[in-house]
Each structure stands twice: as structure tokens, then as C-alpha cells.
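Each chain gets a letter, A, B and so on, in the order its sequence line appears, and its residues count up from 1.
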There are 2 protein chains.
Amino acid sequence: MDANKLEKARKDIIRIYKNSKIIFTEREFKTMELTDFGLGDFYNIGLGVIIYVNTERVCAKELALKSYQICPQHIHPGIKGNSGKEETFRCRWGEVYLYVSGLETENIKAKIPKDYKDRFNVFNEIILKPGDQYTLKPNTWHWFQGGEKGAVLSEFSTHSYDAGDIFYDKKIERIAVDNF
Amino acid sequence: MDANKLEKARKDIIRIYKNSKIIFTEREFKTMELTDFGLGDFYNIGLGVIIYVNTERVCAKELALKSYQICPQHIHPGIKGNSGKEETFRCRWGEVYLYVSGLETENIKAKIPKDYKDRFNVFNEIILKPGDQYTLKPNTWHWFQGGEKGAVLSEFSTHSYDAGDIFYDKKIERIAVDNF
């Protein structure tokens, strides 16, 4: 993503965050992560991430998704003898379509762009509206998409080691993304 | 606290939560914890607690304090071979005066009711306004008070084992409180 596109993405994501009425600092907006997961298609596959805290034991983040923007399917493997990352998502604004392993939901609400149809294989749907939350068991494949207006989503978890995430789509390299 | 007083406390604390614009469920408001720490003086020493999640590894809560209401001085000792609870506080609404061990701040902003003057002995002041946060090291004595309008405060932490907390004020029995 070039500098102009990155700046536009930042402004768009800040607008999403502001809908939630959550108070962020200017520094948080300046230093937040904007990831396109290395695919160069931010508005389809991308995410805004503000990390409140990420120690060895605890992590809390605020995620932002534009309209129908997707955080692609991944899993958090165990690291250093710990079991995998455990995470709870709580919707703060908008609507989130979350998919995990399990019985496939018919007629899912998510809209997967046609170029990405084969990049997902778990379709057990959980719909999160403001105030709704869901706790993932460790080592669960999952992905999620913002609804029509987008979404703001809190994540409460154990230590977050994004570089260790495994993506179902082998074209994704999470580490590279942090440098775009 | 009798049923009428408890109901008034609940309404007052819900009003504080609503200032933050955070979306809670009706069930969360119904089942939230209102603690007076067993002292029977809720508006001076008390707290509203909504627990989002509390697994063996991760805990997230939303705390509410009325105007100048105090969460009394305590410490979280290690349990079951784990080091003590690690916690981060982030102010969402209002103002919080947080006190931890260390150099005593002169002219602290907190107002300690005169009956409680000898119930505190750490006075290193951290002022948290909306968007500000502070991470406590494990095994740190701390207490906090809502500012003039009260406060809503997020807590991100390792597992929360409130019954194991040690209070500086020996009159406090945290477990008893959960049953009032």
C-alpha cells in the first residue's frame, strides 16, 4: 500500500472507531496497526488494530472493520509450551459475523468476494451485535467480517503473538504485513 | 444492605455505566456485582462490577464508581503457584484517582472520608482520564477513587480471584460481600 492509500485507510478506520464512542488517544490513532495481511486488498481483507496492552500474560485490543471487511481465517498455535491463545470477542459497535469450526450454518450473512471463495473452510456462524460476546477455545480455526456498516470489536486474550498465527490462506504472511 | 438500598445502588451504578456509552445487556445490569466490601457504607467504599470474562487465564471487567466512591487498598497475592494477578486499568468515562506503592504524592486529589483516614498507606498518585491507562505490577498495593462525577474503568487482567484479595483494612471481608 502506498503512503496515500495508507493515509486514506487510516482515516477510514478512525471513522469506524469513532462510531463506538470509545475514547482513544491521538497517539493510539497515529500508531495503530493497519494490516492488509500482505494481500494488498485492504478493503476486502484487512483490519485496524489498537493494542491497549500485550504482556506475557494478558492482551487487550480494540479491532475495527470497515463494511464487509474480513479478518481472514486463522488459528493461534501454542507457543513456548503454552496452550494456544485464548480470546474473547465483544462487539462494541456495528455488527460482526464470526465463523468457527463446527456445524456449517446455511445461508451465512458474510459476503465473501468471489476471488476469495476458496480461502475459508469453517462456517459455523455467530452473529455479534453491540453487547454480544463470544469466547473462542484455543486452537479453533476462525475468521470474521464486519457487517454492512462495519464494526468495532474488543478482544480480551492471553499474550498475542501475531507473527505465530497460522492462516488457512497460504498467500498470507502476517509478519510481512507489519512492515507495509 | 437491605433490598431497597441495594436497588437504589443498582440504579445509581447503572446511571454511571450509561455515561460511558458502552453497550451492556440487560442481563449484565441485572447480575452485576455491587460490593460494599462488607462495610455497609456503599457510597463511600463500594464498587459496581460487570465481568465480561474470567477464565483460568484471562479476565476482563468494567468497573463503575460513583462520585468519590473508593475501591479500598488491596493486593492480589499469587495463587496455585502463579504469580499475583496482573492488571491494567483504562479509564472510559469520568476520572479516576489511582494510588500505588512508591513516592507519596503531595496534595492528592482523592478525598478520604475522615473515618477512613487510617485505612490507606500508599499514596503515589496516577490520574486517569478517558483514554488513559495504567498497568500494575503484580503484588502492588493499590486503591482508587472515582472523581467528582464518578468513573467507568476497564480492567484487563489475568484470572481474577477476588476471594483471595488481601485488604489493608482488616475490617474488610471480600467474600462476605458477595452475599450481601
Study note, to complete from the structure: Here the pair of heavy atoms bringing A/Phe156 nearest to B/Val53 is CD1-CG1, 4.2 Å
**Study point:** Cluster link A/Ile112 to A/Leu98, ILVMFWY, side chain under 4.5 Å
**Key:** yes
Heavy-atom donor-acceptor pairs under 3.5 Å, chain B with chain A:
residue  : atom : partner  : partner atom : Å
B/Ile23  : O    : A/Arg90  : NH2          : 3.0
B/Glu28  : OE1  : A/Arg90  : NH2          : 2.9
B/Glu28  : OE2  : A/Arg90  : NH1          : 2.7
B/Glu28  : OE2  : A/Arg90  : NH2          : 3.4
B/Tyr52  : O    : A/Gln133 : NE2          : 2.6
B/Tyr52  : OH   : A/Arg92  : NH1          : 3.0
B/Thr55  : OG1  : A/Glu86  : OE2          : 2.5
B/Arg57  : NH1  : A/Ser83  : OG           : 3.3
B/Arg57  : NH1  : A/Gly84  : O            : 2.9
B/Arg57  : NH2  : A/Ser83  : O            : 3.2
B/Arg57  : NH2  : A/Gly84  : O            : 3.4
B/Ser83  : O    : A/Arg57  : NH2          : 3.2
B/Ser83  : OG   : A/Arg57  : NH1          : 3.3
B/Gly84  : O    : A/Arg57  : NH1          : 2.9
B/Gly84  : O    : A/Arg57  : NH2          : 3.4
B/Glu86  : OE2  : A/Thr55  : OG1          : 2.5
B/Arg90  : NH1  : A/Glu28  : OE2          : 2.7
B/Arg90  : NH2  : A/Ile23  : O            : 3.0
B/Arg90  : NH2  : A/Glu28  : OE1          : 2.8
B/Arg90  : NH2  : A/Glu28  : OE2          : 3.4
B/Arg92  : NH1  : A/Tyr52  : OH           : 3.0
B/Gln133 : NE2  : A/Tyr52  : O            : 2.6

Point to revise | Single-linkage hydrophobic cluster, 4.5 Å side-chain cutoff, B/Ile23 and A/Ile126 together | key: no
